[in-house]
**Q** 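Provided herewith is a single structure, encoded as structure tokens, for subsequent inquiry.
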Amino acid sequence: MEGIAIRLQDLRKSFGETTAVAGVDLEIRDGEFFSMLGPSGSGKTTVLRLIAGFETPTAGGIELAGQEVTGLAPFERDVHTVFQDYALFPHMTVEQNVAYGLKIRKVPKAERLVRARKALAEVRLEGFGARRPAQLSGGQRQRVALARALVGRPRVLLLDEPLGALDLKLREQMQVELKELQREVGITFVFVTHDQQEALTMSDRIAVFDQGRIQQVGTPAEIYERPATPFVASFVGTSNLIEGESAQRVVGAPGVYSIRPEKIRVLKESAESDEPEHATATGTVAEVVYLGDTTRFLVDLDAGGRLTALQQNLETSAEDVAAYRGTRVRLQWHHRHTVRVPDTR
Amino acid sequence: MTVVAERAGGQGTVRRLAGALHRRPRLRLALLLTAPLLWLTVLYLGSLAVLFVSAFWTTNSFTSQVVKVWSTDNFHELLTTPVYRQVILRSIGVALAVTVLCAVIAFPLAFYTARVARPKWRPLLVVAILTPLWASYLVKVYAWRLILSEGGLADWMLKPFGAGGPGFGLPATVLTLTYLWLPYMILPIHTALEQLPANLLDASADLGARSWRTFRSVVVPMVLPSVAAGSIFTFSLSLGDYITVQIVGGKTQLIGNVVYSNIELNLPMAAALGTVPVVVIVVYLLAMRRTGALSSL
Ligand SMILES: Nc1ncnc2c1ncn2[C@@H]1O[C@H](COP(=O)(O)OP(=O)(O)OP(=O)(O)O)[C@@H](O)[C@H]1O
Ligand SMILES: [Mg+2]
């Protein structure tokens, strides 16, 4: 069970002058839901295309299930891809699209049909088999692409921002469905996204990419609670760093520190705190944003720097919120939420 | 002050007119299309109607005068005289042969210009495909007459292989027509291949298809409507041709040159014969419509 599905060794890819992937080492386990998270242009798609075999690496190696595949063509690799824009064949029906891979592998026609229908049922598209891709909605097309990639039961499924084109509601629904599907079929999913929320909610592990390099690999909790670099701290979750002079005065030691906004409580300045395990800092509220279920406070610290604090709206309402602007407050959080971030910059 | 007011007023009228037109899309369409539609109906369909009507007249066989008496004799003669039947079938055969040859030659060429050649060379290659269209039709056909003539280029080139050129005749006609109409087939195929999304080819390979399989199952079916579109040009242009066959066709008789030689002697018969390609092409268009070719023209 605990095999390695994909191993990347010092993988590099340049397009002329631009370096898209600048040395990636990675091991993805069998049956894992693995996400690649990173800003636009950080090389996620390129890594995926290298794994699928659409691009040849400039240097480095790729292993699938322990087998070296670096020089192999896409049709020689046991991975299937769900493309960002679905790439459904417009001249085929939904059913023909799904059965395409089986037909190439010479699966008998009757069995092909049964399996295609079953795959369509898995993505809840029974009865859509006779339609053309053009007659489907975006979410339905996305699910056809998923069924087409899943029906051959590959060892690994690569998904390039498959939910990118969907609206928020459908997106959240598809996130849940995708995760359930992965659990059912037990295939390794490599999921590319630039949405940190999506990565945090769906993944077993996440690799955070920046400028063609991996900044950190870990579980969602590790990534969120213990960011390994300032980039990870600011890209995943709201950036909330204190450093330099202000770190010296608030934390009592130099360095870069990250405090997650929801860990910080906003109190009246006069509220005295004598609990030894709590850190505090005073400041002035620069901005308040009412977010419905929560309120976000941006506080300019007297020690220098700015922190964001997120408060549940237990009793506060939208009207109260505006009154906070410009007032003096005391921020308080537990010491263990002050996370030292190794300064790699 | 008044000028401003007047201008504002003028603009108001234009604006109201524009608004009114915007609310009445049919009226807008009518205004836009009246002139071209008149041209189309009066000149184009009108002359077709004259052709069709005159096909039902007859001639006095001594004086070659047109006798405006209604009769279906011409059509009857067309369908029962073996010579006419042969000419019609031969013409359709030539048009089909030219179309098939054009498609077979154009596909690899277009594949090269659209997907294999370096992107920066592609526009240049398209221009190269188009250049023959800028030369005069007659010049090109006479060039082929030179090539195919006895001791011409074709003979000279085939001599080492112990063969000779086709000489003038039916094969020469097909060959020359294929050359003439080839660009009309290459262009639509080139466009279709160029617009073929690269990720469809990736997706096919991803699902296990080798290049040849992807070509058969994805590229060809997606480009087929454009082949059909190109075939409309090559088929109808070949069916209507009467000059090429006169220059390189030897004694070959096709609808075009039979009509041409009948115009002086027996105008109604020529007209009757002239309606045949029209009917054939309409049938061909209807057949092609089913392939989706008309929407990819
Ligand atoms: N075919 C190509 N030719 C040239 N440069 C490329 C090519 N593909 C990608 N790049 C470059 O490589 C870098 C990484 O691109 P990539 O598509 O992998 O980013 P990404 O992380 O997927 O971004 P996004 O989230 O916007 O999809 C970018 O700077 C991009 O411009
Ligand atoms: Mg991408």
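Quick note: numbers below take in every heavy atom, side chains included, and nothing from hydrogens, waters or symmetry partners. The sequence lines fix the lettering, A, B, ..., with proteins before strands; numbering per chain opens at 1.
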**Q** Kindly compute the distance separating CD (A/Q96) from OG (B/S217), expressed to the nearest 0.5 Å.
**A** 10.5 Å
**Q** State, with a plain yes or no, whether a side-chain heavy atom of A/I104 is found less than 4.5 Å away from one of B/R210.
**A** no
**Q** Supply the atom-to-atom distance A/D85 CG to B/N199 CG, rounded to the nearest 0.5 angstrom.
**A** 4.5 Å
**Q** Answer yes or no: does atom CZ of A/F15 have more than 12 heavy-atom neighbours from other residues, nucleotides or ligands under 6.0 Å?
**A** yes
**Q** Where is the tightest heavy-atom contact between B/A203 and A/A87, given as atom of each residue plus distance?
**A** CB-O, 3.9 Å
**Q** Which of these, A/R148, A/R77, A/H80, sits in a side chain to side chain contact (heavy atoms under 4.5 Å, CB included) with B/D206?
**A** A/H80
**Q** Surrounding OH of B/Y184 (heavy atoms of other residues, nucleotides or ligands, distance under 6.0 Å), is the total greater than 12?
**A** no
**Q** With a 4.5 angstrom heavy-atom cut-off, which part of A/L158 approaches chain B: side chain, backbone, both or neither?
**A** neither
**Q** Is B/Y242 atom OH crowded by more than 12 heavy atoms from other residues, nucleotides or ligands, each under 6.0 Å away?
**A** no
**Q** Should we count NZ of A/K103 as having more than 12 external heavy atoms under 6.0 Å?
**A** no
**Q** Apply the test side-chain contact (heavy atoms from CB on, under 4.5 Å) to residues A/Y100 and B/S204: give CA-CA distance (whole Å), side-chain angles for both, the deciding distance (0.1 Å), then the verdict.
**A** CA-CA 8 Å; A/Y100 184 75; B/S204 177; 2.7 Å; yes
**Q** Can you tell me how far CE of A/M92 sits from CE of B/M222, rounded to the nearest 0.5 angstrom?
**A** 9.5 Å
**Q** How long is the gap from CZ on A/R105 to CG on B/L207, to the nearest 0.5 Å?
**A** 9.0 Å
